[in-house]
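All chains are named by letter (A, B, ...) in the order of the sequence lines, taking the proteins before the strands, and each is independently numbered beginning at 1.
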Number of protein chains: 2
Amino acid sequence: MAAPRANMSYRDIKQVVLDRIHNKIWPPDSLLPSETDLAEEFSSTRTTVNRALRELAEEGYLERKRKAGTRVLNAPVRKAQFAIPLVRDEITENGSEYRYALVERTVLPAPAWLSARMDIPQGRDVLHLRCMHYAGNAPFQYEIRWIVPDSIPDVLEADFSSSGPNDWLVQKVPFTNLELSFLATKADQSVAEFLDAQAGDPVFTAERITWLRGQPVTLAKLFFAPGYRMTTHL
Amino acid sequence: MAAPRANMSYRDIKQVVLDRIHNKIWPPDSLLPSETDLAEEFSSTRTTVNRALRELAEEGYLERKRKAGTRVLNAPVRKAQFAIPLVRDEITENGSEYRYALVERTVLPAPAWLSARMDIPQGRDVLHLRCMHYAGNAPFQYEIRWIVPDSIPDVLEADFSSSGPNDWLVQKVPFTNLELSFLATKADQSVAEFLDAQAGDPVFTAERITWLRGQPVTLAKLFFAPGYRMTTHL
DNA sequence: AAGCCACTTATGTCTATATATATAGCCATT
DNA sequence: AATGGCTATATATATAGACATAAGTGGCTT
């Protein structure tokens, strides 16, 4: 048990508070003393205590409301953070060589499901790409991508034969909103062939839609090779 | 473009900085002016600018180093945050009725794979549970759980027949470390039956291991019913 | 009893200032 | 050319004090 002493940093205070929560000195649902009181106890200032409590609240341990005070959350809704790396980085950081191949490139009117999903006017032309990402010689990810060219200059002239749309978009088009889903899909014949799997095999899949200030930019379906796990620690 | 004016809050400053990044006024890899300079430009104080930049760095837009300054990250490694809700909450928040059933409860020596995975001494007794979580009448999640009773008082006496181990553990046992993985698995006969699926169907699966100060606490495999998506926005 | 308002209080945020600490860049020495 | 130390500087954090804002509380009114 950390004992309060003078000159405690906001980190120290965080730790003490966490300890007290763990040791049920401040049990779930209970109210913490006010910032002012804590500042006095720790011979610190309200600013410092504030930072400690604010961060703990962000991390999901506490709930804070003006006037109501700071409360210990009973079920710490801890949040899992997943970095969303570029495939390229994910592969190279793993020590493998990254290799990319463009499978198909077409421009076609947005199919109905895509219009609905991304809120694109019916029949608007979109750029459709299919690509493969390899880790060394092993297939790593099969990518099906739709790009709305309207608000993206040059995208129709971009050359995606030697580097992926991901790289290009990251460089050229920032996004303001993103929806990311993870799900399990069943490999169809085509996906199975690209990923070196059997048709019907379960495939870990990510769907990623981005917008730039309300304008839909791109939708990507990313099919990961069998055995893929998305892991995080905290 | 937000124009700098007096009395800008740290939120305003964040927005201006973000705008400038988006508009390539501060392109990727470039160095921002120092906090002192920005404070002057925004007729604010270093403290306020500091908070704005610190948060933007946390959000993955900037990289900050003492003396080196603040730099714009070229590939904004934005981080996806997933709340890890209790199944119960996930179901009730969806408007459905939560129902729980215990399928099996045994105490047995830890199998080898579990010992290895969680770093438990070979042959140590562990508690093994299988449970079902329903949303209304529809199967929602099939849970296979292993609990290391060593450091958890009362767990062997706990009654898991009417409420799940998740609820119990959350109440009784805090954790300090967590490993969370998402993957796609193939439903075996048993999983398929519980989830009302066909054997061989792809199943979105989460694996969750927790520790308390280095001691392994519990491993859960959570199999979600067909059609499940884990979604986040940012 | 129900509704409304004023008061109080805890957090939220900003200002102003000071000290701490890491380190890039330079210079001198080996 | 490599090494080691110095210094200037940018961020990191702490202090003290002020005002802003949300929201319980209690009292007053109807």
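Summarising the geometry, the separation between CD on A:Glu40 and P on D:dA16 is reported as 12 Å, rounded to the nearest angstrom. Atom pair B:Arg11:CZ and C:dC14:C1' shows a separation of 13 Å (rounding to whole Å applied). Rounded to whole angstrom, the span from the CD atom of A:Glu63 across to the P atom of C:dA10 amounts to 17 Å. The interatomic distance linking B:Leu53 (CG) with D:dA10 (P) rounds to 13 Å, in whole Å. Taking atom CZ of residue A:Arg71 and atom P of nucleotide C:dT9, one finds them 18 Å apart after rounding to whole Å. Between the C1' atom of C:dT15 and the CZ atom of B:Arg51 lies a distance of 14 Å, rounded to the nearest Å. Spacing between atom CD of A:Glu55 and atom P of D:dT13 amounts to 8 Å, rounded to whole angstrom units. Rounded to whole Å, atom P of C:dT13 lies 15 Å from atom CG of B:Asn50.
If you find the closest nucleotide of DNA chain D to B:Pro33 and to B:Thr47, the one lying nearer the 5' end belongs to B:Pro33. Between A:Tyr10 and A:Ala68, the residue anchored closer to the 5' end of DNA chain D is A:Tyr10, taking for each the nucleotide with the nearest heavy atom.
Defined by atom type and a distance below 3.5 Å, a donor-acceptor pair is present between the side-chain atoms of A:Arg64 and A:Thr70.
In this structure, B:Phe224 and B:Phe140 have perpendicular ring planes: the angle between them is above 60°, well past the 30° mark. In this pair, A:Trp146 and A:Trp113 present their aromatic rings perpendicular. The plane angle is above 60°, beyond the 30 to 60° band.
You'll find that the side chain of A:Lys67 is closest to C:dT8, out of C:dT15, C:dA24, C:dT8. Ranking D:dT11, D:dA14, C:dT11 by closeness to the A:Glu35 side chain, first place goes to C:dT11.
If you run side chain to side chain contact (heavy atoms under 4.5 Å, CB included) between B:Pro165 and each of B:Thr218, B:Leu129, B:Val155, only B:Leu129 comes through.
Base engagement by B:Arg46 is indicated by at least one non-hydrogen atom pair under 4.0 Å involving a base atom. Nucleic acid contact class of A:Ser34 (heavy atoms, under 4.0 Å, all strands): sugar-phosphate only. Residue contacts for B:Ser44: at a heavy-atom cut-off of 4.0 Å it reaches the sugar-phosphate backbone alone, with no base atom in range.
Checked by atom type and distance alone, the side chain of A:Asp159 pairs as donor or acceptor with a backbone atom of A:Ser161 at under 3.5 Å.
Regarding contacts with the backbone of C:dT11, a side-chain N or O of A:Thr70 is found under 4.0 angstrom from either OP1 or OP2.
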